[in-house]
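What you see below is based on every heavy atom in this structure, not just the backbone, and it leaves out hydrogens, waters and symmetry mates.
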Amino acid sequence: SRRMMIAVLLLAASLQVVDANELREWLRYSLHKPPQWTLDTTQLRPLLSEHSKLTVWPKFLCGADHLSEPFLQTFLLASEVAIPVNTMYVGRYTTLPKCDALDVPVKVDPGELLIFMPPASPALVMLVEDWRRICRQVGVLAACSQELRDRADLQTPTVPAISVEKSLSTARNGAGVQGLGFGWSAPEPWGVWSEGSVAQLVVRVAEPIDKPLTLTVRAHGLGVHPATTQTVSVVANGRWVATWDLDEKSFGEYRAPIPALSNPDQPIVIEFHIQHPISPRQDGLGADDRKLGLALSEFRFDPLPK
């Protein structure tokens, strides 16, 4: 009856009001309390207002901690000047974003502000063309822009160096995480999965080396069933150096020769090209939709045996 319908609607509305009370209180509190900025707003606000494009790496769901204060506050500041961005946090999505790597060297266009978001590897800035002159540390962020060229009031980002003949773990909080470039998912307790068709290692060795090296990784693959291997091609500083068939069943050691650098001060950029990235869902292994291929637990560089 009409009376019953009215009573049910009033009851439902009352329950909704009660249920949302905690959320309304939180919103009221948040709107009346000034935010506690993690970012250096005195430096970042002018930079955002001076640029016409904001590029953030890693993107949402591509390795960035999208619930961290630096990530969320960067977009809050960007909203003040309505600058276009390449990514954004969203609460609901139907498809995963593309996490493909940028072309190396990364070219920063005039009017573009490129920000590397923690916990991304500090080594990523070395992929930027002329990075020593156009990349600067802005609080907890590494920012690159033609407008930052030779700014003496801001420090050049510090890029940690690795030691040869030392194994580096890519597990969460492992020392090898600092070498993860583009194309990786978030590190896990055991290591990290490649995500997409290309994944990169970007490292700077502690001492300039002008001799060949050997890269050794501990890894396994995710094959396209019924196959139980994944084919990965290894490219070092633009040169193909090895092809691996990664076994799916267990971790193993795989090696590749790394040619000597033409400039001992430049980074070593390793690209892993995954032949057939596939999601565990497609393989019937669960609900994971990430396109995986290479599971990396650690890596090391050694002098090439004579």
Side-chain angles (χ1 to χ4, degrees), residues 35-60 62-66 68-89 99-162 177-183 200-205 208 237 261 263-269:
Q36 300 297 312
W37 293 103
T38 301
L39 304 179
D40 185 345
T41 58
T42 59
Q43 296 285 355
L44 192 54
R45 271 197 174 101
L47 284 176
L48 289 168
S49 63
E50 293 167 3
H51 290 79
S52 57
K53 177 184 178 182
L54 173 61
T55 302
V56 173
W57 284 96
K59 297 191 297 184
F60 175 65
C62 293
D65 182 0
H66 58 270
S68 69
E69 290 184 344
F71 188 89
L72 296 174
Q73 289 182 2
T74 295
F75 295 107
L76 179 60
L77 286 176
S79 70
E80 295 179 356
V81 292
I83 183 174
V85 299
N86 70 317
T87 186
M88 176 58 69
Y89 171 87
C99 297
D100 294 339
L102 293 176
D103 294 332
V104 177
V106 178
K107 299 182 185 295
V108 180
D109 297 326
E112 179 183 8
L113 179 62
L114 171 62
I115 288 179
F116 292 106
M117 191 66 58
S121 165
L124 283 178
V125 298
M126 295 191 296
L127 299 178
V128 177
E129 189 176 67
D130 205 14
W131 72 273
R132 292 188 186 275
R133 299 188 64 186
I134 71 170
C135 296
R136 293 293 182 267
Q137 198 69 36
V138 182
V140 298
L141 306 177
C144 303
S145 164
Q146 299 298 336
E147 283 68 24
L148 286 172
R149 182 174 296 275
D150 298 329
R151 281 274 296 267
D153 59 318
L154 297 174
Q155 292 185 343
T156 303
T158 301
V159 180
I162 69 166
V177 172
Q178 68 182 19
L180 299 179
F182 299 120
Q200 295 174 328
L201 287 179
V202 183
V203 298
R204 181 173 70 89
V205 293
N237 290 89
L261 299 174
N263 177 4
D265 189 46
Q266 75 181 99
I268 299 174
V269 181

Could you give the distance from OG1 (Thr55) to CG (Asn86), rounded to the nearest 0.5 Å?
5.0 Å

Quick one: are Gln73 and Leu44 in side-chain contact, heavy atoms under 4.5 Å?
no

Considering all heavy atoms, the nearest Ala143-Ile115 contact
CB-CG1, 4.3 Å

Contact check, side chains of Pro70 and Leu39, non-hydrogen atoms, under 4.5 Å
yes

Start with the C-alpha gap between Gln178 and Ile162, add the side-chain angles, then the distance that decides, and say whether side chain to side chain contact (heavy atoms under 4.5 Å, CB included) holds.
CA-CA 9 Å; Gln178 68 182 19; Ile162 69 166; 3.1 Å; yes

How are the rings of Phe182 and Trp57 set to each other: parallel, tilted or perpendicular (split at 30° and 60°)?
perpendicular

Just how far is it from atom CZ of Arg149 to atom CZ of Arg136, taken to the nearest 0.5 Å?
9.5 Å

Residues two or more places apart in sequence or in another chain: which of them pass side chain to side chain contact (heavy atoms under 4.5 Å, CB included) with Val159?
Ala123, Val125, Met126, Trp131, Arg204

Checking Asn237 side chain against Ile268 main chain: does a donor-acceptor pair fall under 3.5 Å?
no

Closest approach of Val202 and Pro267, non-hydrogen atoms and distance?
CG1-CB, 4.2 Å

Any Gln137 side-chain heavy atom under 4.5 Å of Thr158 side chain
no

Spatial distance of atom CD (Gln146) from atom CD1 (Ile134) [nearest 0.5 Å]:
4.5 Å

For Cys135 and Pro157, the nearest pair of non-hydrogen atoms, with its separation, is O-CD, 3.2 Å

With sequence neighbours left out, write down each residue that passes salt bridge (Lys or Arg N to Asp or Glu O under 4.0 Å) with Glu80, or none if nothing qualifies.
Arg45

Calculate, to the nearest 0.5 Å, the distance between atoms CZ and OG belonging to Arg151 and Ser145 respectively.
9.0 Å

Check whether any side-chain heavy atom of Leu148 sits under 4.5 Å from a side-chain heavy atom of Leu47, and report yes or no.
yes

Heavy-atom closest contact (Gly179 atom, Val203 atom, distance)
CA-CG1, 4.1 Å

For the residue pair Thr74 and Val85, establish whether any side-chain heavy-atom pair is separated by less than 4.5 Å.
no

How close do Cys144 and Val108 get, heavy atom to heavy atom, and via which atoms?
O-CG1, 3.9 Å

Within a strict 4.5 Å, meaning less than it, do heavy atoms of the Leu141 and Met117 side chains meet?
yes

Measuring from atom NZ of Lys107 to atom CG of Leu114, what distance do you get when rounded to the nearest 0.5 angstrom?
13.5 Å

Roughly how far apart are Leu154 CG and Thr156 OG1, rounded to 0.5 Å?
9.0 Å

Does a side-chain heavy-atom distance below 4.5 Å link Tyr89 with Phe71?
yes

Which heavy-atom pair separates Leu54 from Ile83 by the least distance, and what is that distance?
N-CD1, 3.7 Å

Flag the pair Thr42 / Trp37 as yes when at least one side-chain heavy-atom distance between them is below 4.5 Å, and no otherwise.
no

